[in-house]
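One structure below.
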Amino acid sequence: MATVVLVGTLDTKGEEYAWLRERLREYGSEVLLVDTGILPPPAHAPAADVPADVVARAAGHDLARLRAVGDRGAAVTAMAQGLSRIVVDLYRKGKLHAVLAAAGSGGSAIAAQAMRALPIGVPKVLVSTMAGGDVAPYVDSSDLTMMYSVVDISGLNSVSCQVLGNAAAAAAGMARRHERNHDESAGRGRPVVAATMFGVTTPAVDTARARLAELGYEVLVFHATGAGGRAVEKLARDGMLDGVLDLTTTELADELVGGVLSAGPSRLTAAGAMGIPQVVAPGALDMVNFGPVATVPERFTERHLLVHNATVTLMRTTAPEMADLGTVMGRKLRTARGPAEVFWPLRGVSAVDVADGPFEHPEANRAGLDALRAAVRGGEVRVHELDAHVNDPSFAVAMADRLHQLITEDARRATP
């Protein structure tokens with residue numbers, strides 16, 4: 001029978017969690033109740049299968065001390081860390097097929113952090129009072145499902161019972177499906193490759209995807225808008241990828257210069273850390289992304305700007321910035337434990353970086369390439385210069401074919 005791990009603060013929401021546990025059982029699920037509350041639960045609260053002191057200990061903390069100190073922020077952080085370790089351990093032992101929580105802001109922060117620690121594909125349902133606003137801090141790049149609670153999670157009533165009942169039914173159904181199919185990824189027939197894409201590199205990725213499909217790969221395409229890059233990094237760290245075609249590394253520019261689509265400082269590190277073959281290109285490194293033109297920071301208003309559409313404004317990276325990006329890319333790739341190669345197109349890195357195009361700047365691109373070569377000198381990262389534009393079919397096919405070779409060679413080395 002599929003198991004739903006029900007996580008929440010029993011010190012404040014015992015009635016709701018007792019009700020949820022009964023609904024889950026009615027829907028055919030085993031239930032494992034985990035208490036993440038800081039204070040002692042009231043007498044009427046359901047008994048937890050994993051008490052709060054166990055959650056605190058999992059993070060190296062003593063619950064009594066957390067209570068005595070009275071720092072709510074520190075306590076929430078500790079319980080989130082402990083819960084993350086507990087749910088990951090349960091999942092690895094095959095004792096978790098879905099996670100369900102219902103919470104306010106503090107409980108949502110605890111539950112969401114633990115849910116994000118689980119691999120993509122593990123069902124995660126969070127009913128939250130915070131789901132009516134910006135949910136990015138909770139969801140990030142995970143497949144977490146959030147439901148707005150409509151009313152506060154404070155007692156049972158005609159509205160909360162409908163919302164919580166739907167959440168319980170969803171979690172139970174997801175858990176059953178996951179239990180039946182949890183071996184899908186392990187037994188998949190085709191190797192999986194992640195590819196990164198932007199509108200200005202779409203032709204290249206479409207061509208590469210078609211070529212990789214011909215070679216027998218399943219290709220997952222990610223929009224390089226920050227969350228997309230983080231998703232690629234997470235899938236790589238979760239061991240769900242056989243290779244990465246990182247054709248569009250534009251998020252590095254936003255991280256360096258201060259654009260709105262940064263994927264964070266760990267971008268371009270997971271595949272290397274996991275030893276996964278990767279072929280990388282400077283796709284769309286010619287641009288930093290901002291919102292509507294009126295939102296571009298004042299310090300950049302004299303820069304070379306291009307209004308891409310009503311909601312997106314692009315700023316051309318300068319030669320010094322491209323040099324910095326080449327250095328960043330090279331240093332990250334030098335740490336890779338698996339094969340890593342760079343394909344650099346000499347005729348432009350995006351659809352707007354073309355001859356007589358708005359972002360044409362060959363000197364800046366050359367500065368990036370020279371800095372990249374300097375950063376990888378003496379290491380094992382190979383850099384290929386191609387007399388092509390990033391969106392030329394020949395460039396995309398060359399990247400795809402080389403990734404196929406690296407994956408094949410890597411698999412051969414791993415075979416006893």
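If you read the sequence from its start, that first residue is 1, and numbering goes on from there.
Using cut-offs of 30° and 60° for the angle between ring planes, the Phe395 and Phe343 rings count as perpendicular.
When the options Arg85, Arg92, Lys93 are evaluated for a salt bridge (Lys or Arg N to Asp or Glu O under 4.0 Å) with Asp89, the one that passes is Lys93.
Checking side-chain atoms of Lys332 against main-chain N and O of Ser266 turns up no donor-acceptor pair under 3.5 Å. Under a 3.5 Å cut-off, the side chain of Asp62 and the backbone N or O of Arg57 do not form any donor-acceptor pair. Of the possible donor and acceptor atoms, one in the side chain of Thr313 sits under 3.5 Å from a partner among the backbone N and O of Gly291. Looking only at distances, no side-chain donor or acceptor of Thr201 sits under 3.5 Å from a matching main-chain atom of Ala204. Without hydrogens or angle criteria, Glu251 side chain to Gly226 main chain gives a donor-acceptor distance under 3.5 Å. Judged by distance alone, with hydrogens and angles left aside, the side-chain atoms of Glu22 form no donor-acceptor pair with the main-chain N or O of Trp19 at under 3.5 Å.
His44 and Glu15 are not linked by any side-chain donor-acceptor pair at a separation below 3.5 angstrom, with hydrogens and angles left out of the test. For the 3.5 Å distance criterion, the side chains of Glu30 and Thr3 fail to qualify, holding no donor opposite an acceptor. A donor-acceptor pair shorter than 3.5 Å cannot be found between the side chains of Asp140 and Ser142. Side-chain atoms of Asp353 and Asn365 include a donor-acceptor pair closer than 3.5 Å. Defined by atom type and a distance below 3.5 Å, a donor-acceptor pair is present between the side-chain atoms of Thr269 and Arg237. A donor and an acceptor atom, one from each side chain of Asp152 and Thr129, are nowhere located under 3.5 Å apart.
A ring-centre distance under 6.0 Å is found for Phe198 and His223. Ring centroids of Tyr91 and His97 are separated by 6.0 Å or more, keeping the two rings apart.
Checked for salt-bridge contact, Arg267 and Asp246 meet the test: a charged N lies under 4.0 Å from a carboxylate O. A salt bridge is absent between Arg176 and Glu179; no separation between the charged side-chain nitrogens and carboxylate oxygens falls under 4.0 Å. Taking 4.0 Å as the cut-off between side-chain N and carboxylate O, Arg211 and Asp401 count as a salt-bridged pair. Taking 4.0 Å as the cut-off between side-chain N and carboxylate O, Glu233 and Arg230 do not count as a salt-bridged pair.
How far CD1 of Ile120 is from CG of Asp238: 6.5 Å, rounded to the nearest 0.5 Å. To the nearest 0.5 Å, the span separating OG on Ser128 from CE on Met146 amounts to 4.0 Å. Taking CG from Asp53 and CG from Leu63, the interatomic distance works out to 6.0 Å, rounded to the nearest 0.5 Å. Interatomic distance, Leu333 CG to Thr249 OG1, rounded to the nearest 0.5 Å: 9.0 Å. Separating the CD atom in Gln405 from the CG atom in Asp410 is a distance of 13.5 Å, to the nearest 0.5 Å. The distance from the CG atom of Leu403 to the CD1 atom of Ile407 is 4.0 Å, given to the nearest 0.5 Å.
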